[in-house]
There are 2 protein chains.
Amino acid sequence: MEDRKQAILRAVVHEFTTNAVPVGSQALQSRYFVNLSSATIRSELAELSDLGYLTQPHTSAGRMPTDSGYRYFVDFLMDLEPIPDRIKGFIADELRTAPADVQGMVERVAMTVAAVTQNASVASAPQGSMARIKHLDLVSLEPKEVLLILLLEGNLLRQQVIPTTEPATQTQLTRLTARLNASLGGRASDEARRHYDAAPLGLEKELLGRVIAVLDIYEKGSESLVVHDGVRNLLRHPEFAESSRVTQVLEVLEETRYLTILLRQLIGESDLQIVIGSENMTSQLQGCAVVLTTYGPSERLKGVLGVIGPTRMAYSQTVARLQAVARGASDRMAEVGV
Amino acid sequence: MEDRKQAILRAVVHEFTTNAVPVGSQALQSRYFVNLSSATIRSELAELSDLGYLTQPHTSAGRMPTDSGYRYFVDFLMDLEPIPDRIKGFIADELRTAPADVQGMVERVAMTVAAVTQNASVASAPQGSMARIKHLDLVSLEPKEVLLILLLEGNLLRQQVIPTTEPATQTQLTRLTARLNASLGGRASDEARRHYDAAPLGLEKELLGRVIAVLDIYEKGSESLVVHDGVRNLLRHPEFAESSRVTQVLEVLEETRYLTILLRQLIGESDLQIVIGSENMTSQLQGCAVVLTTYGPSERLKGVLGVIGPTRMAYSQTVARLQAVARGASDRMAEVGV
DNA sequence: TTCAGCACTCTCCCGGGGAGAGTGCTAGAT
DNA sequence: ATCTAGCACTCTCCCCGGGAGAGTGCTGAA
């Protein structure tokens, strides 16, 4: 595409994302292209419309980008907006004072993203592909009930109450704990599986089975923690003035199963993914754009962090700030060992 | 108040909560009081307006209840609506299949309340007034970093990463763990405090200080888990058609500090509290009613469960269903030991 | 290739008028 | 003393038409 057309497309996207009003040839001429006449701009606009990048709400209105227009913008025209110092400071403060547990950290991260992007945010807890057991603990609750506490790599804590077929005293459990820690500590689920196969029937095998089940859930991420925040920010945007639009987004956000589908999109993709309007799988997100990236304390422990807003979103700002929070959160999580 | 006036007030509340349209004398006559003329009903309505229980959006419109009108209704006229079997079944199913950890259970409870009341819900995790330590575990992460795992009464798990001034090996920690478990197991925070005062300077005192800090946070509930769900249900109600109303509610729900204030209202009150419109502390909840009750696995471990919706709410249905979920959740939590 | 000019289109806003719903009041019936 | 029928009145809601304003596409000249 010619440079001038690109410049005009960029200008339309910029104007429309800030003012939310279809932008006309005169506005472009006076604010961006003083050397061109509005008539020239008009004919360029008409061509951009033919190309499918722009559209008009009605024949005598200004232009606004189509989904493809936004797509072209983010693929070819966008450059990351520098982050103001106060925003940088805000992000640092929020992450520094975040609780040092997974749940608290993920919530804080989601809150921060929502605040700095002025949109809704989603975050899933970092998940390892293959979990290593760092420590294991067994506590007797009732004669025939044991609490299993699993500390995984990355200091993720998993717990589960296990009913056992035979009663077990705390002394027995303590002995078993020591033995299991010695054999499983630092090992991954395949090792636990080997021990399980080798173990004789009885309490130990029973408990090992549960350990494997917990690891499975962890690895498959089916029971993963997914939080959202900042829906109130969406309501400030005119596209959500009538509440039916909000309903649809809320359906996606409040239904964890939708969210996991949404977040799963990122798997195997590059570290930044932008899904615009009709590109979304779920019809509820028509008119919305989703920006996703990953974060986590280590290479092997990654969660997804994302922004949901109207397609008319300040993409360059959103991407820059989202990535800043993701980097900050990753560092912080590595530091406190969440 | 005379019986007939009460009956008319009840009828107005009933009509208005189902149709969301101001109710006129003819509608009441044809649907509730066939033996009375609409003129008679009109004069009764006028008197109820004088008493402050009813109001009209404009002079020639039907009547709708004021906040005091709803207050009179819930205090004197409301009787609990029986719960249909399918709803009962739904509640039972949701609770039966709920995850057996605090986080998951609280989220499931909130989800269930939102679903059966068709409004937004809030839930705080059950909190003990005085926490007893059931089990304690120390894991060495780095030479000078220890993970403290506290298992409290009711199988609440608290964890914290503690940087220590002096390095500690896992062997040392294991010994210390055994000693602390023996002395603190089954005891509450006052006992921990006694041990802390008596302990000589060093690792043990340092760790005991952290244990007390965790218990403090737990007892004061400042870092408590508060979740909400079902905001999408609110959007179905006509009073939330313009999204600014939703914004205000979302501000309350998404700001945990508001929520904790809201939930704290219940402390020291009866087991069911209904806050209607202007009775709300926070101005954001004008036009909204909040119904709160408590739930939890035991007498000493209680959380708050609530419904937030428009003042035009089916109170008798909401209260009945909320209490049903609270009872069910309490039983389930006691059963699985969450 | 660019630009000025022009006719055209469509939305938005405003005011008027009619339909409809519901009220308060009054005089008569029970 | 209480209830009821009738009636005039009020107010909203909705539809309609016209004028202002913004922006377009097209055309012919530079």
Side-chain angles (χ1 to χ4, degrees), chain A residues 1-9 11-16 18-66 69 238-239 241-242 312, chain B residues 1-9 11-16 18-66 69 238-239 241-242 312:
Chain A
M1 204 194 297
E2 311 94 274
D3 283 357
R4 196 173 69 183
K5 246 192 208 67
Q6 289 195 341
I8 289 180
L9 177 54
V12 171
V13 170
H14 184 256
E15 273 299 291
F16 189 65
T18 51
N19 297 335
V21 170
V23 15
S25 53
Q26 286 195 37
L28 287 174
Q29 196 259 335
S30 66
R31 253 168 286 181
Y32 295 82
F33 305 98
V34 208
N35 308 335
L36 264 74
S37 81
S38 66
T40 311
I41 296 177
R42 266 204 293 287
S43 73
E44 291 281 37
L45 288 176
E47 288 179 49
L48 281 166
S49 291
D50 289 345
L51 290 168
Y53 295 135
L54 296 180
T55 184
Q56 322 174 252
H58 53 89
T59 49
S60 73
R63 299 311 209 282
M64 48 203 265
T66 60
E239 26 274 278
E242 44 181 328
R312 183 188 63 77
Chain B
M1 206 195 292
E2 309 91 276
D3 283 358
R4 197 173 68 183
K5 247 193 207 68
Q6 289 195 341
I8 289 181
L9 178 54
V12 171
V13 170
H14 185 257
E15 272 299 289
F16 189 65
T18 51
N19 297 336
V21 170
V23 14
S25 52
Q26 286 195 37
L28 287 173
Q29 197 259 334
S30 66
R31 253 167 285 179
Y32 295 82
F33 305 97
V34 208
N35 306 335
L36 260 64
S37 80
S38 66
T40 312
I41 295 176
R42 267 204 294 286
S43 72
E44 291 280 37
L45 288 177
E47 288 178 49
L48 281 165
S49 291
D50 290 343
L51 289 168
Y53 295 134
L54 296 179
T55 184
Q56 320 172 255
H58 55 87
T59 49
S60 73
R63 299 309 208 284
M64 49 204 262
T66 61
E239 27 274 276
E242 43 181 329
R312 184 188 62 76

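So you know, we letter chains A, B, ... as the sequences are listed, proteins then strands, and number each from 1. No experiment lies behind these values; they were computed from the predicted model shown.
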Just the rounded figure in Å: distance from [atom2] of [N] to [atom1] of [X].
X       : N      : atom1 : atom2 : answer
A:Met64 : C:dT11 : CE    : P     : 14 Å
A:His58 : D:dG25 : NE2   : P     : 13 Å
B:Leu48 : C:dG24 : CG    : P     : 12 Å
A:Glu44 : D:dG25 : CD    : P     : 12 Å
A:Ile41 : C:dT2  : CD1   : C1'   : 12 Å
A:Lys5  : C:dT1  : NZ    : C1'   : 12 Å
B:Leu36 : D:dA5  : CG    : C1'   : 14 Å
A:Asn35 : C:dC3  : CG    : C1'   : 14 Å

Atom pairs, N/O to N/O, protein against nucleotides 22-24 of chain D, distance under 3.5 Å?
{"unit_1": "D:dG23", "atom_1": "O4'", "unit_2": "A:Ser60", "atom_2": "O", "d": "3.4"}
{"unit_1": "D:dT24", "atom_1": "OP1", "unit_2": "A:Ser25", "atom_2": "N", "d": "3.3"}
{"unit_1": "D:dT24", "atom_1": "OP2", "unit_2": "A:Ser25", "atom_2": "N", "d": "3.4"}
{"unit_1": "D:dT24", "atom_1": "OP2", "unit_2": "A:Ser25", "atom_2": "OG", "d": "2.7"}

All side chain to side chain contact (heavy atoms under 4.5 Å, CB included) counterparts of [X], not counting sequence neighbours:
X        : result
B:Ser60  : B:His58
B:Ala241 : none
A:Ser43  : none

Worksheet entry | ring-ring contact (aromatic ring centres under 6.0 Å, His included) partners of residues 35-57 of chain B, not counting sequence neighbours, each pair once |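 Pairs touching residues 35-57 of chain B that pass the test: B:Tyr53-B:Tyr72.
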
Worksheet entry | Any pair counted as ring-ring contact (aromatic ring centres under 6.0 Å, His included), so long as it reaches residues 24-45 of chain B, sequence neighbours left out |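 Qualifying pairs: none.
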
Pairs: protein N or O with nucleotides 28-30 of chain D N or O, under 3.5 Å:
none

Practice prompt. Kindly say if A:Thr40 contacts the phosphate of C:dC3, meaning a side-chain N or O under 4.0 Å from OP1 or OP2.
Written response: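 True: A:Thr40 side-chain N/O within range (under 4.0 Å) of C:dC3 OP1/OP2.
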
Practice prompt. State, with a plain yes or no, whether a side-chain heavy atom of A:Leu36 is found less than 4.5 Å away from one of A:Leu28.
Written response: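 No, too far: nothing below the 4.5 Å cut-off.
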
According to the salt bridge (Lys or Arg N to Asp or Glu O under 4.0 Å) rule, which pairs have a member within [range], sequence neighbours left out?
range                     : answer
residues 20-30 of chain B : none
residues 45-54 of chain A : A:Lys5-A:Glu47
residues 18-27 of chain B : none
residues 20-37 of chain B : B:Glu15-B:Arg31

Worksheet item: How far apart are the C-alpha atoms of B:Met64 and B:Val12, what are their side-chain angles, what is the distance that settles it, and do they pass the side-chain contact (heavy atoms from CB on, under 4.5 Å) test?
Response: CA-CA 7 Å; B:Met64 49 204 262; B:Val12 171; 5.9 Å; no

Practice prompt. For the helix from C:dT1-D:dA30 to C:dT30-D:dA1, figure out the bend between the end axes, five pairs an end, and round to 10 degrees.
Written response: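 Terminal axis comparison yields 30°.
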
